[in-house]
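Input: a single structure, listed below in structure tokens.
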Amino acid sequence: GITVHAFEPMPKLHETLNKNVELWAKQHNTDEKRSVINTHEMGISAEDGVKTAVFLPNYTLLSGFHVESSIAGSTDQARLSTLAGRDLSHEFTKETVSVKCTRLDNWLKASSLENQKFDLLKVDVEKAEYDVIVSLGSALAQVHY
């Protein structure tokens with residue numbers, strides 16, 4: 001089996017992640033092959049602390065720390081409204097959320113994983129990739145792929 005650590009800072013999305021992990025485990029884990037998926041309700045950032053994020057309930061994929069530079073920004077909303085032939089601004093309801101963030105190297109130390117090698121680091125952080133790489137610090141050498 002494998003061990004996965006999944007980080008999701010948005011509370012509503014973290015709840016959905018947990019439900020999906022439970023469903024996956026029921027379908028795929030057997031006595032012969034057991035994988036473990038650990039979910040963490042926090043974001044990975046270049047610095048530890050609490051950050052303000054934007055959650056879009058109707059377009060959760062666009063939620064994050066850089067919402068105004070994404071399609072959810074006002075300029076793109078106007079373009080989409082023109083294309084649709086109707087006002088779509090109500091579709092982009094935004095909620096401000098305070099989320100806990102940590103540097104990945106600090107999380108590895110706190111989790112007693114600072115000396116472990118990792119075969120794969122998969123990152124999907126909606127325009128915050130640089131922060132994740134910076135947050136690894138010297139632990140970047142522990143990642144194979």
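Bear in mind the structure is a predicted one, so any value in this text is a computation, not a measurement.
The heavy-atom pair separating S35 from W24 by the smallest distance is CB-CH2, 3.8 Å. In plain terms, the two heavy atoms of Q142 and Q116 that are nearest each other are NE2-O, 2.6 Å. Across all non-hydrogen atoms, the minimal contact from H144 to D119 is CB-O, 3.6 Å. Heavy-atom minimum distance, S135 versus I44: OG-CG2, 3.2 Å.
Annotation: cation-pi pair K51/F65 present, NZ/CZ under 6.0 Å from the ring centroid and within 45° of its normal.
A distance of 11.0 Å separates OG1 of T93 from CZ of F55, quoted to the nearest 0.5 Å. Taking CD1 from I37 and NE2 from H5, the interatomic distance works out to 11.0 Å, rounded to the nearest 0.5 Å. Annotation: the span from D131 atom CG to E47 atom CD amounts to 8.0 Å, rounded to 0.5 Å. The distance from atom NZ of K94 to atom CG of N58, rounded to the nearest 0.5 Å, is 12.5 Å.
Looking at heavy atoms from C-beta onward, L104 lies in side-chain contact with W107 at the 4.5 angstrom threshold. The side-chain heavy atoms of P57 and E95, taken from C-beta on, include a pair separated by under 4.5 Å. Inter-residue side-chain proximity for L17 and F7 is flagged as unmet; no heavy-atom pair is nearer than 4.5 Å.
Salt bridge K19/E15: present, at least one basic N to carboxylate O contact under 4.0 Å.
Formation of a donor-acceptor pair under 3.5 Å by the S63 side chain with backbone atoms of L56 is found in this model. Of the possible donor and acceptor atoms, none in the side chain of D105 sits under 3.5 Å from a partner among the backbone N and O of A139. Here the side chain of T16 pairs a donor or acceptor atom with the backbone of K12 at under 3.5 angstrom. The main-chain N or O of M10 is never found under 3.5 Å from a side-chain atom of H14 such that the two would form a donor-acceptor pair. With hydrogens and angles disregarded, a donor-acceptor distance shorter than 3.5 Å links the side chain of D48 to the backbone of R103.
Follow the hydrophobic side-chain contacts under 4.5 Å out from V21 and you never reach V36; the two are in separate clusters.
Other cluster members for Y130: V134, joined by side-chain heavy-atom distances under 4.5 Å among Ile, Leu, Val, Met, Phe, Trp and Tyr.
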### Task
Apply the test side chain to side chain contact (heavy atoms under 4.5 Å, CB included) to residues L136 and L121: give CA-CA distance (whole Å), side-chain angles for both, the deciding distance (0.1 Å), then the verdict.
CA-CA 11 Å; L136 274 163; L121 174 65; 3.6 Å; yes
#### Entry: From CA spacing to verdict: side chain to side chain contact (heavy atoms under 4.5 Å, CB included), N38, T3
CA-CA 8 Å; N38 303 289; T3 300; 3.7 Å; yes
#### Entry: Trace of the side chain to side chain contact (heavy atoms under 4.5 Å, CB included) decision for T39 with E8
CA-CA 7 Å; T39 66; E8 176 53 64; over 6 Å; no
